Each structure stands twice: as structure tokens, then as C-alpha cells.
Undergrad: 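Let me give you the structure first, and then I'll get to my questions.
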Amino acid sequence: MTEGTGASNFIRDIVAADRAAGKHGGRVVTRFPPEPNGYLHIGHAKSICLNFGLVQDVPGGICHLRFDDTNPTTEDPEYVRSIQDDVRWLGFDWKDKLFFASDYFEQLYEFAEGMIRKGVAYVDSLTAEEIRLYRGTLTEPGKNSPYRDRSIGENLDLFRRMRAGEFPDGAQVLRAKIDMASPNINLRDPVLYRIRHAAHYRTGAAWCIYPAYDYAHPLSDAIEGITHSICTLEFEDHRPLYDWIVEQAGTPHRPQQIEFARLNISFAVMSKRKLLELVEKKLVAGWDDPRLPTIKGLRRRGYTPEAIRAFCEHIGVAKRDAVVEMQLLEHFIREDLNKRSLRVMAVLKPLKIVIDNYPEGSVEELVAVNNPENASAGTRTIPFARTLYIERDDFLEDPPKQFFRLAPGREVRLRYAYIIKCVGVTKDPRTGDITELHCTYDPATKSGAAEAQRKVKATIHWVSTAHAIEAEVRLYNPLLIADLAKIPADHDWTTYLNPQSLERITGCQVEPSLKGTAPGTRFQFERLGYFCTDLSSTADQMVFNRTVSLKDAWAKIEKAKPSR
RNA sequence: UGGGGGAUCGUCUAGCGGUAGGACGCCGGCCUUUGGAGCCGGCUACCUAGGUUCGAUUCCUAGUCCCCCAGCCA
């Protein structure tokens, strides 16, 4: 049983039981084994937290980072870099245990010759198409390849010539000799090696034959002394093959494969293939586009590693297929940011107001708290003057019943400042749009003053027009609909793009204390939500990404607005 | 109609024979110098049918539904 969260983690229980039983000499060695063919996303974070988390409190426990780079055509060093970067950013450390399956190519090859000598592997000269036909179907057994019974000598010779580059791609494959009639299709003589005359990003042209996952993975685990090889559910059927490979190779160490359900999140595209396509077709700005559930995207959006880890811990580890709601992820970032982010005032859609009875040219420095829940965050001063911006949505000329903010003749408090009353509305004579409000303030109601106790129905945020800094904000929503993962490969993507996924607001006015803010700093804009200075912001430019909105303020505000 | 897995509130999950708990979400209230946060209360669940048992979410049997597998991807 897990403590604290109550979330399940049956693998933690297995590991604990194995340790108690003294299995593997009490050692626990796990590994996170990504193929460097894309950027990591929140689903990988679950696996990372699991694998690294499992060894965290185990004396001598270690989690390896191993790149499963057995397919030269899809892999790239850019992905290797980004993956290492993301794992570190998430707060995990593989120490000196960084490995590459490609480093085992020679060993893997030797094991293969060994299997040929044992008579449990053979070179097949059937075409890919023929192999598929011979494999049978889900309900019909396959049949043996005519090449299945080649002599050991002939197999060895052929395999060596495969390695030497004597054959073109697809001409030969090395297959395990298991059982073409097995009800488990993975056991119908799976392909172990294929010919690929392609340069590998690490081994270059050294090889033209490459081991398949089903062959390389268990052996890599065995070589590294992995005790618990954790993978996702779709590999359950492969476990007998995994065990077979390890058994036939005769390695001293026997790792154990354990499967768990991969993470799905509502409204998020979690397929590497589809993410790649979105990036390549430039339907998003890149792998770090904040609308994407990639680690880089979440990071740019302002998510913290702590929040992601807490989320992964909370959702648990089980074997049933699950789709976690996006709100749960948002809950964790909100909870984390709520403790650490500074509160500032910003006006997304400015409406100018003039306080008629406030002395012209006068500027007051008002004290504002940086985080009401954390006194150590301190205070800051904000300038107050005669002309201010307030949120356009905070004023309605003809307010409905549930609207408590500013309206003609009505009073409202300006946060950290005074109670003001709206005494006039200026409109553009041609369009009828409200261009400016005239207000009066009550000097006795200054925030913090002894006689400032008078209550008003609402408090609104503001910035001084003379001191405000203009910024760009981007409000993000997840890019795509939930079952995108199920749409056919050739479907028109644009049909599925969410038009509301990105809204840019360029005229947003922020309080002067934000000037020079370091990229990546998180703020809570009073009443507007959580924002993060975009990692791409420069000194002379301020761009804020919305990380997640305030819980339900938005919905309530929308509800309070007149519907017509 | 081959094989492998899985079914508990709307969602993610506890439970391993003894009043079905937590979290998200939602609803309501309190509080508040923002309607946020916080606090309090409420909401809804054991796939079905038999059986074993004093008692089954838990054990047995038979079904039902969902997911995965026929790449020389991982």
C-alpha cells in the first residue's frame, strides 16, 4: 500500500516484496529507455517518475537512462539532448548510468551468433511480404518458412554476410526459431535482425544490420543488470519472448518485465507520431509549443517539475486503461504555483479611467503584498495616479443582477487603493464604444487606513496608465480534441485543430514591478490566472503565457456577464 | 469464434471476507480589500447472473463489455 496519496502503485509493492524476499540480492535497478525519436511528453513523465521514484529510497538503488536507439532511420542527437535535458529538469539524476543500446551492438551480435549455433535462430530469405503471409492470422496458425531448417553453418555464413553488407535491405532477416503455430503471434519466429543500409547517428556506417526491439531490449536489460524492466501494457504479449531471449542468451542476470498502463490525458495528443507530424507540418510552433503536452511545452507554459511529479504520484500506477482529466493536471500546477507565485496586477483588456477629484500630476506609492499566503514573499509598492487602466470586463453600463463590479453611479474598491465611484462615461460618438470612464475617489478609504472599513461589493485590479508596461500575453488551450489519437493517418488535421487554442492579447498593461523579470518567472495576475514570463521573452519585450486559469473565476465571470 | 490484459463515484484511484475511503470535478455555505485562495457541508460507484458464506467489491462458476497483438517500429 502506498502512503500519503492513497494512489496505487502495484509495482512499488512488487519491488518491496522482491527486496523482502532477497530477490536479485536485494538490489533494485530500473531504467528509463526512450528511443531518441522525439521529445518527451507528460506520458513519459509518468514512466520517469515511476522508474526513478522506485529506486529513490532504496539503498544502492539506481535508475539508468538508456537510449533505445536500434532504428537508425528515426533517431537524432537532438532528441538525445532534449531527453536528457527534460529528465534533469524533472528533477532526476541517472548519475553515471547513461547507456545506449547502440553501445551493445557488438555484444548483441555475439549473442545472435550464439543463438544460431544453438540452433534457435536462423536466417530467413523470405521477403517482408512473404513473412507476413507465412505468419498466419490471429485465428490461423502460421507456417514454417522454407528456410527455417538451414544448417547452422549456412545460417552462420549468411548472418556474417548480412553483417558484411553483402545483401540489400530486406533481403535477409535473422529470426528466432520458436513456434509458427503459437497462439501468441510474437512467438511465431520473430525477426531479431534486419538489414538497414543507413547511417546511425552514433555508430555511423559501422553497421548495416540492426537488432529489433524484442531482441535488443531484454538483452540490454540483462547486460545492465536491470532487475525490474518496466514498460507499458502493449508489451504484455511480448513478455514470453522477452524471457525466451534472455533464456537463450544465457546471461547470468535475468531481468523481470513488468507492465503498467500508459497515461492518457483528456484533450491532449500523446502520440509521438502525431506530435512529430504537428511539428513537421508546422501546425504548432515547435516541440515546445505551450499547447502541446510535451515536457518542453508544459515548461514553457509555466508548469513546474514539482507539480508534474506530484501529478504523476497522484494518478498512481495500475494496469487498467485510464484517461486522466486535464483538470487534475491543472489542479496540481495551480496548487504549486499558488504557494510560490507572486501576485501582481495586470490588465488584459484596458479601459482608461480618470479620477476627477484626484490631484493632477500626483503619484502615490501604495503597498501591495506579494503573496497573501506567504508573508516572507514580502511587499512591493505600486504607483497610483489620476488616470488608470481597469479591466474592460469590470465595467458594464447596464449591469445585470449578478454583476457587482463597476457601473454608472456604483462604487467599487481598487485593490490596495481607494473606493471609487463611476460618475461619467465617455463614448466614441461614431461607434458608441466606451473610451473612458470618469470616477471620483473617497480619500478616506485608502487601503489599510483605519477608517477604510466601508464595504463595497467588489474589488477590481488596475494599473496606472503612466507607469504601466505594455506586454503581450498568450492564452493557451490544449491544441486538439481528445480522440485525435484515433483519427486516421491521412485525415485532414485542420479539421481537428481547436480554433480557440491560442489567443494573443497585445496591449495588456502590467504593473511596473514586472519590468526586467527573468524569463520563466511565474506570477498570478490578480483575478486573471497564472502566467509565466515566456522563456523566449527578451529584455525589451515581455511575453506572458497563461499556465492555467484560476479555478472557476473565468466561468463565473462569464456567467455574470449579460448574455445579450 | 486465437492469445494476452482490464472492469469500483463523471474522472483517477483505496480496499484483498465484516458498515465502500481519498483526490479531481460538480453543487451549496462561510470567509475574504477581487467572485481567487482558504474553510465547512453535500453529490454520485463495486459490469451482470448464479453459487459458497452468518456476511461478499473481495472467493468460485458462467457470461458481458473494453483494451492490446498479424512492423524487417519501439
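Just so we're on the same page: letters track the sequence lines, and every chain starts at 1. What you see is a predicted model, and the numbers here were worked out from it, not measured in a lab. Both backbone and side-chain heavy atoms feed into the values below; hydrogens, waters and symmetry mates do not.
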Undergrad: Does rA56(B) pair with anything, Watson-Crick or G-U wobble, both distances under 3.5 Å, and if so, with which nucleotide?
TA: none
Undergrad: Can you find an N or O donor on one side and an acceptor on the other, under 3.5 Å apart, linking the side chain of R405(A) with the base of rG35(B)?
TA: yes
Undergrad: Please name all residues satisfying side-chain contact (heavy atoms from CB on, under 4.5 Å) with A212(A), sequence neighbours left out, ordered by chain then number.
TA: R194(A)
Undergrad: Among the nucleotides rG71(B), rU11(B), rG35(B), which one has an atom lying closest to any side-chain atom of E325(A)?
TA: rU11(B)
Undergrad: As a test of reading the structure: which of rG2(B), rA74(B), rA70(B) is closest to the side chain of N71(A), going by heavy atoms?
TA: rA74(B)
Undergrad: The side chain of D68(A) lies closest to which of these nucleotides: rG25(B), rA74(B), rC69(B)?
TA: rA74(B)
Undergrad: Reckon V456(A) touches a base, only the sugar-phosphate, or nothing at all at heavy-atom distances under 4.0 Å?
TA: nothing
Undergrad: Using whole Å, what does the distance between atom P of nucleotide rC66(B) and atom CG of N264(A) come to?
TA: 17 Å
Undergrad: Using a 4.0 Å heavy-atom cut-off across all strands, classify H238(A) as base, sugar-phosphate, or nothing.
TA: base
Undergrad: Does R262(A) have a side-chain nitrogen or oxygen under 4.0 Å from the phosphate oxygens OP1 or OP2 of rG6(B)?
TA: no
Undergrad: Please verify the inter-ring angle class for H41(A) with H44(A); under 30° counts as parallel, over 60° as perpendicular, anything in between as tilted.
TA: tilted
Undergrad: Counting the atoms with a prime plus P, OP1 and OP2 as sugar-phosphate, which does F332(A) contact under 4.0 Å by heavy atoms, base, sugar-phosphate, or nothing?
TA: nothing
Undergrad: Kindly say if R135(A) contacts the phosphate of rC72(B), meaning a side-chain N or O under 4.0 Å from OP1 or OP2.
TA: yes
Undergrad: Taking the ring of F105(A) and the ring of H200(A), is the distance between their centroids below 6.0 Å?
TA: yes
Undergrad: How would you label the contact of S182(A) with the nucleic acid (heavy atoms, under 4.0 Å): base, sugar-phosphate, or nothing?
TA: nothing
Undergrad: Please assess T547(A) against L298(A) for the test side-chain contact (heavy atoms from CB on, under 4.5 Å), listing each intermediate value before the final yes or no.
TA: CA-CA 8 Å; T547(A) 69; L298(A) 292 173; over 6 Å; no
Undergrad: Specify the residues of residues 72-80 of chain A, ordered by number, for which at least one heavy atom lies under 4.0 angstrom from an atom of RNA chain B.
TA: none
Undergrad: Indicate, with a heavy-atom threshold strictly under 4.0 Å, whether L126(A) touches base, sugar-phosphate, or nothing.
TA: base
Undergrad: Between F111(A) and Y215(A), does the ring-ring contact (aromatic ring centres under 6.0 Å, His included) criterion hold? Intermediate values first, please.
TA: CA-CA 10 Å; F111(A) 278 127; Y215(A) 177 76; 7.7 Å; no
Undergrad: Please work out whether the ring planes of Y441(A) and Y418(A) are parallel, tilted or perpendicular, with thresholds of 30° and 60°.
TA: perpendicular
Undergrad: Classify G170(A) by what it touches in the nucleic acid, base, sugar-phosphate, or nothing, heavy-atom distance under 4.0 Å.
TA: base
Undergrad: Please determine whether any donor N or O and acceptor N or O are separated by less than 3.5 Å between the side chain of D321(A) and the base of rG6(B).
TA: no
Undergrad: Taking the side chain of I185(A) as heavy atoms from C-beta outward, which of rC24(B), rC72(B), rA70(B) is closest to it?
TA: rA70(B)
Undergrad: With a non-hydrogen cut-off below 4.0 angstrom, is F235(A) in contact with a base, only sugar-phosphate, or nothing?
TA: base
Undergrad: Can you tell me which nucleotide in rC72(B), rG2(B), rG22(B) comes closest to the side chain of H314(A)?
TA: rG22(B)
Undergrad: Please report the shortest heavy-atom distance between S102(A) and R202(A), naming the atom on each side.
TA: OG-NH1, 2.9 Å
Undergrad: In whole Å, what is the span from the CD atom of E259(A) to the P atom of rG3(B)?
TA: 19 Å
Undergrad: Provide a list of protein-nucleic acid N or O atom pairs under 3.5 angstrom, restricted to nucleotides 39-41 of chain B.
TA:
none

Undergrad: Can you tell me which residue pairs pass the salt bridge (Lys or Arg N to Asp or Glu O under 4.0 Å) test with a partner in residues 131-147 of chain A, sequence neighbours excluded?
TA: E129(A)-R132(A)
Undergrad: Return each pair, listed once, that meets salt bridge (Lys or Arg N to Asp or Glu O under 4.0 Å) where at least one residue sits in residues 256-268 of chain A; pairs must be two or more places apart or across chains.
TA: E234(A)-R262(A), R239(A)-E259(A), E259(A)-K319(A)
Undergrad: Looking at every strand, decide which applies to I315(A) at a 4.0 Å heavy-atom threshold: base, sugar-phosphate, or nothing.
TA: sugar-phosphate
Undergrad: So A212(A), base contact, sugar-phosphate only, or nothing? Heavy-atom distance under 4.0 Å.
TA: sugar-phosphate
Undergrad: At 4.0 Å (heavy atoms only), tell me whether A322(A) reaches a base, stays on the sugar-phosphate, or touches nothing.
TA: sugar-phosphate
Undergrad: Please test Q257(A) against I230(A) for side-chain contact (heavy atoms from CB on, under 4.5 Å), starting from the C-alpha separation and ending with a verdict.
TA: CA-CA 6 Å; Q257(A) 176 179 301; I230(A) 298 157; over 6 Å; no
Undergrad: Contact list please: residues 158-168 of chain A against RNA chain B, heavy atoms, distance less than 4.0 Å, in numerical order.
TA: none
Undergrad: Can you tell me the base-pairing partner of rG2(B)? Count Watson-Crick or G-U wobble geometry only, both distances below 3.5 Å, and say none if there is no partner.
TA: rC69(B)
Undergrad: Taking any heavy-atom pair under 4.0 Å as a contact, classify L138(A): base, sugar-phosphate, or nothing.
TA: base
Undergrad: List for me each residue that meets ring-ring contact (aromatic ring centres under 6.0 Å, His included) alongside H217(A), sequence neighbours excluded, and say none if there are none.
TA: Y213(A)
Undergrad: Report yes if at least one side-chain N or O of R343(A) is closer than 4.0 Å to OP1 or OP2 of rG36(B); otherwise report no.
TA: no
Undergrad: Report yes if the side chains of P190(A) and R175(A) come closer than 4.5 Å at any heavy-atom pair, otherwise no.
TA: no
Undergrad: Would you mind telling me which of rA74(B), rC12(B), rC72(B) lies closest to the side-chain atoms of V324(A)?
TA: rC12(B)
Undergrad: When we call it a touch if two heavy atoms are under 4.0 Å apart, what does L187(A) touch: a base, just sugar-phosphate, or nothing?
TA: nothing
Undergrad: So, is K455(A) near the phosphate of rU33(B), with a side-chain N or O under 4.0 Å from OP1 or OP2?
TA: yes
Undergrad: Checking E78(A) now: which residues fulfil side-chain hydrogen bond (donor to acceptor under 3.5 Å, both in side chains) with it, not counting sequence neighbours?
TA: Y39(A)
Undergrad: Under 4.0 angstrom, heavy atoms only, what part of the nucleic acid is Y416(A) near: base, sugar-phosphate, or nothing?
TA: base
Undergrad: Can I get a per-line list of side-chain donor-acceptor pairs under 3.5 Å for residues 373-384 of chain A, giving both atom names and the distance, sequence neighbours left out?
TA:
residue, atom, partner, partner atom, Å
E373(A), OE2, N338(A), ND2, 3.2
N374(A), OD1, S376(A), N, 3.2
N374(A), OD1, S376(A), OG, 2.6
R380(A), NE, E511(A), OE2, 2.5
R380(A), NH1, R343(A), O, 3.1
R380(A), NH1, V369(A), O, 3.2
R380(A), NH1, N370(A), OD1, 3.0
R380(A), NH2, R343(A), O, 3.1
R380(A), NH2, E511(A), OE1, 3.1
R380(A), NH2, E511(A), OE2, 3.4
T381(A), OG1, E365(A), OE1, 3.0

Undergrad: Is the base of rG28(B) syn or anti, if syn means a glycosidic angle within 90° of 0?
TA: anti
Undergrad: Just checking, R163(A) and Y109(A): is the charged tip under 6.0 Å from the six-membered ring centre and within 45° of the axis?
TA: yes
Undergrad: Residues two or more places apart in sequence or in another chain: which of them pass side-chain contact (heavy atoms from CB on, under 4.5 Å) with P218(A)?
TA: Y242(A), I245(A), V246(A)
Undergrad: With sequence neighbours left out, write down each residue that passes ring-ring contact (aromatic ring centres under 6.0 Å, His included) with Y303(A), or none if nothing qualifies.
TA: none
Undergrad: Please tabulate, one pair per line, each protein N/O and nucleotide N/O from nucleotides 42-48 of chain B that are separated by under 3.5 Å, including the distance.
TA:
none

Undergrad: On the nucleotide rG25(B), are OP1 or OP2 found under 4.0 Å from the side-chain N or O atoms that R334(A) carries?
TA: yes
